[in-house]
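Since the structure comes first, as C-alpha cells, the remarks are kept for the end.
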There are 2 protein chains.
Amino acid sequence: MSKLTIKTLAKELGLSIATVSKALKDSHEISSETKKKVLAMAEQLNYVPNPYASSLRKQKSKTIAVILPEVADNFFSLAINGIQSVAETKNYHVLIYLSHESFEIEKNTVNHCLSGRVDGVLLSVSSETSDAAHFEKLKNENIPFVFFDREFENFAAPKIITNDYECGFLAAKLLLSKGCKHPAFLSTSENLSICSKRSAGFTAALTEEGFIKDKHEFVIDCTGTPDTIFDQVQELLKNNPQIDGIVASVERLAMQIYMVSVANSITIPKELKVVAFSTLETAPILNPSLTTITQPAFEIGKTAAEVLFTMIEKKKHNITADSVMILPSTLIERNSTLA
Amino acid sequence: MSKLTIKTLAKELGLSIATVSKALKDSHEISSETKKKVLAMAEQLNYVPNPYASSLRKQKSKTIAVILPEVADNFFSLAINGIQSVAETKNYHVLIYLSHESFEIEKNTVNHCLSGRVDGVLLSVSSETSDAAHFEKLKNENIPFVFFDREFENFAAPKIITNDYECGFLAAKLLLSKGCKHPAFLSTSENLSICSKRSAGFTAALTEEGFIKDKHEFVIDCTGTPDTIFDQVQELLKNNPQIDGIVASVERLAMQIYMVSVANSITIPKELKVVAFSTLETAPILNPSLTTITQPAFEIGKTAAEVLFTMIEKKKHNITADSVMILPSTLIERNSTLA
DNA sequence: TTGAATATCGAAAACGGTTTCGTAAATAAA
DNA sequence: TTTATTTACGAAACCGTTTTCGATATTCAA
C-alpha cells in the first residue's frame, strides 16, 4: 500500500486536508466531534506525520545537535545522558556528531548546522580548534548554541563549565601536602581551555609554594592514542625520576599512568602519587583506588541543554559572558595520594 | 538578511532554480562553466541546502536512528563509536534515542521511526521488551533495521551479536577449573537475550560437571540502580556464604561486586572469584585486575551499521535468520580468578 | 426580521528543494 | 540546405505538512 499521508487520512474521513491538520493539533476552529473522529482514525491507521514536511513548513526541526570530540569517554557519555534527559522532556531529537578532536571535522559539522537541520547546538570544542570563525557563523545566523565543558575562550557565548583553575590549584596543593617535591602536570593540549586552566591553577599553586621556575619543567603535553600516551608517560618517568606526583588532566591519561606503573613496577602512591580529573566509576576499586577530581558530567550536560532550550524558546540568543555557569567539581581523596 | 535559499542563489547568478540545483549536484546537463560559476557563488555565500526540503522531495533522510537502553555504558559507547565510524563515511546523520530499559519508550521511539524521519534503525532491545509488535511494524513499512548485541529472539531480522552461550559456558568452566564449588551467575533480566544465553551456557557447563540441581540456586536476577544492586549482591553473599565464584552478566554488576567485596572485606580471588562480561578499560588496573569476557563492542556497532547500510542501499530488507552475524568475544584471564 | 458575530470547514499558497519535461540553440548527419 | 541529434537551460509539478484567508451556516443581538 502507498504511504499513509494526511491526504489519505483526509480522503478516508471525507474531510479536507486543512481540517485534518488542524484537528490533529487540537485547533479551536474544529468541532470536538470532528476532532474525535480524526483522532480515532489517525490512531487506527497508525498515522504519524512526516517530520520533514512539518519542519520545512514550520521552519523548525525539533532537533538539536551535539558536537563533541568523542563518545567513548565517561565524561561525555554522562554529559550526553544529561542532555538526553532534558531533550526527552521537550520532545526533541538529538543528533550526535564526533569531531574526533579534528578542527576540520568540527568546522564542517558546525557548517552543516547552518542549514536549518537543527534548532540549536551543544558543543564541546576539539583540542585542535584555534579559530572561532565557524562559531561566529552560528551566531550570525542566529542559531542558539552553548559550549559545555570545553569552551572557546574569548568567544562570547553561553558556557557551562566547571571550576578548572581552582581544581588544578587544589590538585597541586594536595600533592604538595602529601610530601611531593616534584609534581608534574600531564596535559593533553594546552590550547584546550580546560587544560590550560587546570595547568594554570596547578602552576599557580606551585609558584605560591616557591616551587617553580620554568613552567615547562612541570607541565607536559601528552597527545595521541592510548599506546603513544603510554610511551610518552613511560619516557617521562624514566627520564625524570625526580617526579613523585602527577596530576592527570584527563581521564585517559590516568589510565596510562597506571598501566605504566604496573609495567615498570612503580608503586603508587609510595613512589608516585596520582590525582586525576576523571569521572571513572571504577576509581574506588582501582589498584590503588584513585584520587579524583570528579566533574558533574551529567549536570553539565543537563544544564547546557536547559540553557539551550531557553534560548530556543525565548529566541533570546544574544546571551553573553554573563551566562557562563560554573558547576563545581569535587576532589575525592583516595589511596593513590596517600602520604 | 533573509535566509539564503537556492532561490536567492539563482537570482544572484541570473539562472533558474533548476539549473542551480542541477549544477550543485554535478548533473551532466549543465555546462562546466555554469557549474563552476554556481559552485563559486555557493561557496562564497556559504550556501548550505535545506536538508528537510531535500528529504521531503527525495523521500530519504540520510539519517539513521540508534535506539539503545543507555549510553553511559562502556559497551554502548564503543558501539556508538563503531556506528558513527561508518555513518561518517556514508555522510549519514545519526539520531540517538535512549529507552532507559523501558518497553513503552522503546515502542514509542520505534513508532516515531515510521514517519520517514530515518532511513534505517539500529536497535538494542530494552530489558523489559517482551513483545515484537513494534518491530513488526518496522518490517511492514519496509524500514531497514538490525539488532545489535541485544536481539529479540524468534524475530527474523539481521542481528549482530556475540557468542553469549559459549562465553557463559567458558566462564563457568573457568571458575570450576579454578576450584570453585558454588559458582553463581548474576543476571540482570532473564528475558534479555544476552542474559538468558549467557546463563544457559553457564548452567550447561555446571550440569555437564554434575553440579546443578536447581537452576535458581545458581542464577540470580539483579536489576535496579547501582545502589539497589549493591544491596542485592550484599544480601546474596551474606545469605549464601557457600558462593565462591561469580559470573557477572553485565559490567555494572561487576562493579557492585567489587564494591561489596571491599565493604565487607571479602578478598578476591581468595574467597570469591569473579569473571565479568565487560569492556571496561580499567579491568587490568582494578584491585585485583578483573577477568573479563570482552565483547567486540566497536566491531559490533560497526558491522551492524554496515549491514544496515547495505540494506538501505540495496533496498533488500527481507533478510532473515541467515543474516545473523556472530562476532566472538574473548576471555581474558586476570587476577580475579586466580586459583 | 435583519445585520453582526461566531463556529466550522476548505481552497490554496507557502516552505525549499528535486525532477520531469519541454524548448531553443548549436552541432552533426543527410 | 535541410533534418536529426545533442547540449544547456527553464517552467512547473511535486514531496507532505502548516497556515492564511475566504466561504458558508449558525447563533446572537437589536
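Chain identifiers are assigned alphabetically (A, B, ...) following the order of the sequence lines, protein sequences preceding nucleic acid strands; residue numbering begins at 1 within each chain.
In this structure Glu106(A) satisfies the salt bridge (Lys or Arg N to Asp or Glu O under 4.0 Å) test with no other residue, sequence neighbours excluded. For the ring-ring contact (aromatic ring centres under 6.0 Å, His included) test, residues two or more places apart in sequence or in another chain that qualify with Tyr52(B) are Tyr52(A).
The distance between atom CG of Asp26(B) and atom P of dC9(D), rounded to the nearest whole Å, is 13 Å. Summarising the geometry, the separation between CD1 on Ile30(A) and P on dG10(C) is reported as 8 Å, rounded to the nearest angstrom. The NZ-P distance, from Lys58(A) to dT17(D), rounds to 12 Å in whole Å. Tyr52(B) places its OH atom 18 Å from the C1' atom of dT18(C), with the value rounded to the nearest Å. Between Arg117(B) atom CZ and dT17(D) atom C1' the separation is 13 Å, expressed in whole Å. As rounded to whole Å, 11 Å separates atom C1' of dT18(D) from atom CD1 of Ile17(A). The nearest whole Å value for the distance from the CG atom in Asn50(B) to the P atom in dC14(D) is 21 Å. Here dA12(D) presents its P atom at 17 Å from CD1 of Ile6(B), a figure rounded to the nearest Å.
A salt bridge between Arg150(B) and Glu101(B) is present, with a side-chain N of the basic residue lying under 4.0 Å from a carboxylate O of the acidic one. For the pair Glu313(B) and Lys90(B), the salt-bridge criterion is met [side-chain N within less than 4.0 Å of a carboxylate O]. Between Lys62(A) and Asp119(A), no side-chain nitrogen of the basic residue sits less than 4.0 Å from a carboxylate oxygen of the acidic one, so the salt-bridge criterion is not met.
Side-chain N or O atoms of Thr63(B) include one that pairs as donor or acceptor with a backbone N or O of Ser61(B) at under 3.5 Å. Ser55(A) places a side-chain N or O within donor-acceptor distance of the main-chain N or O of Pro51(A), the cut-off being under 3.5 Å. Lys159(A) places a side-chain N or O within donor-acceptor distance of the main-chain N or O of Phe152(A), the cut-off being under 3.5 Å.
Residue contacts for Ser21(A): at a heavy-atom cut-off of 4.0 Å it reaches a base atom on one of the strands shown. Using a 4.0 Å heavy-atom distance criterion, Leu15(A) is classed as a sugar-phosphate-only contact.
Where Leu56(A) and Thr19(A) each meet DNA chain D at their nearest nucleotide, the meeting point lying more 5' is that of Leu56(A).
Sorted by residue number, the members of residues 31-38 of chain A with any non-hydrogen atom under 4.0 Å from DNA chain C read Ser31(A), Thr34(A).
Inter-residue side-chain proximity for Ile80(A) and Leu68(A) is flagged as met; some heavy-atom pair is nearer than 4.5 Å. Side-chain contact check for Phe76(A) versus Pro69(A): some heavy-atom pair is nearer than 4.5 Å. Side-chain atoms of Val66(A) and Val121(A), non-hydrogen and from C-beta on, never get closer than 4.5 Å to each other.
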Distances under 3.5 Å between protein N/O atoms and the N/O atoms of nucleotides 26-28 of chain D, please, pair by pair.
none

Write out a two-atom table: protein N or O, nucleotide N or O from nucleotides 20-23 of chain C, distance below 3.5 Å.
from: dT20(C); atom 1: O4; to: Lys22(B); atom 2: NZ; distance (Å): 3.3

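Under 3.5 Å, the side chains of His112(B) and Tyr97(B) contain no donor-acceptor pair of N or O atoms.
In this model, the phosphate group of dG16(C) is approached by a side-chain N or O of Gln59(A) to a distance below 4.0 Å at OP1 or OP2. Proximity of Tyr47(A) to the phosphate of dT17(D): a side-chain N or O atom is located under 4.0 Å from OP1 or OP2. Between Ser16(A) and dG10(C) there is a side-chain N or O to OP1 or OP2 distance below 4.0 Å.
Comparing the end axes of the helix from dT1(C)-dA30(D) to dA30(C)-dT1(D), each fitted to five base pairs by superposing C1' atoms of four pairs onto the next four, gives an inter-axis angle of 50° (nearest 10 degrees).
Under the 6.0 Å distance and 45° angle rule, Lys139(A) does not count as a cation-pi partner of Phe135(A).
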- Query: Would Lys302(A) and Glu306(A) satisfy salt bridge (charged side-chain N to carboxylate O under 4.0 Å, His left out), going step by step from the backbone distance to the final call?
  - Reply: CA-CA 6 Å; Lys302(A) 181 162 173 278; Glu306(A) 285 169 346; 3.4 Å; yes
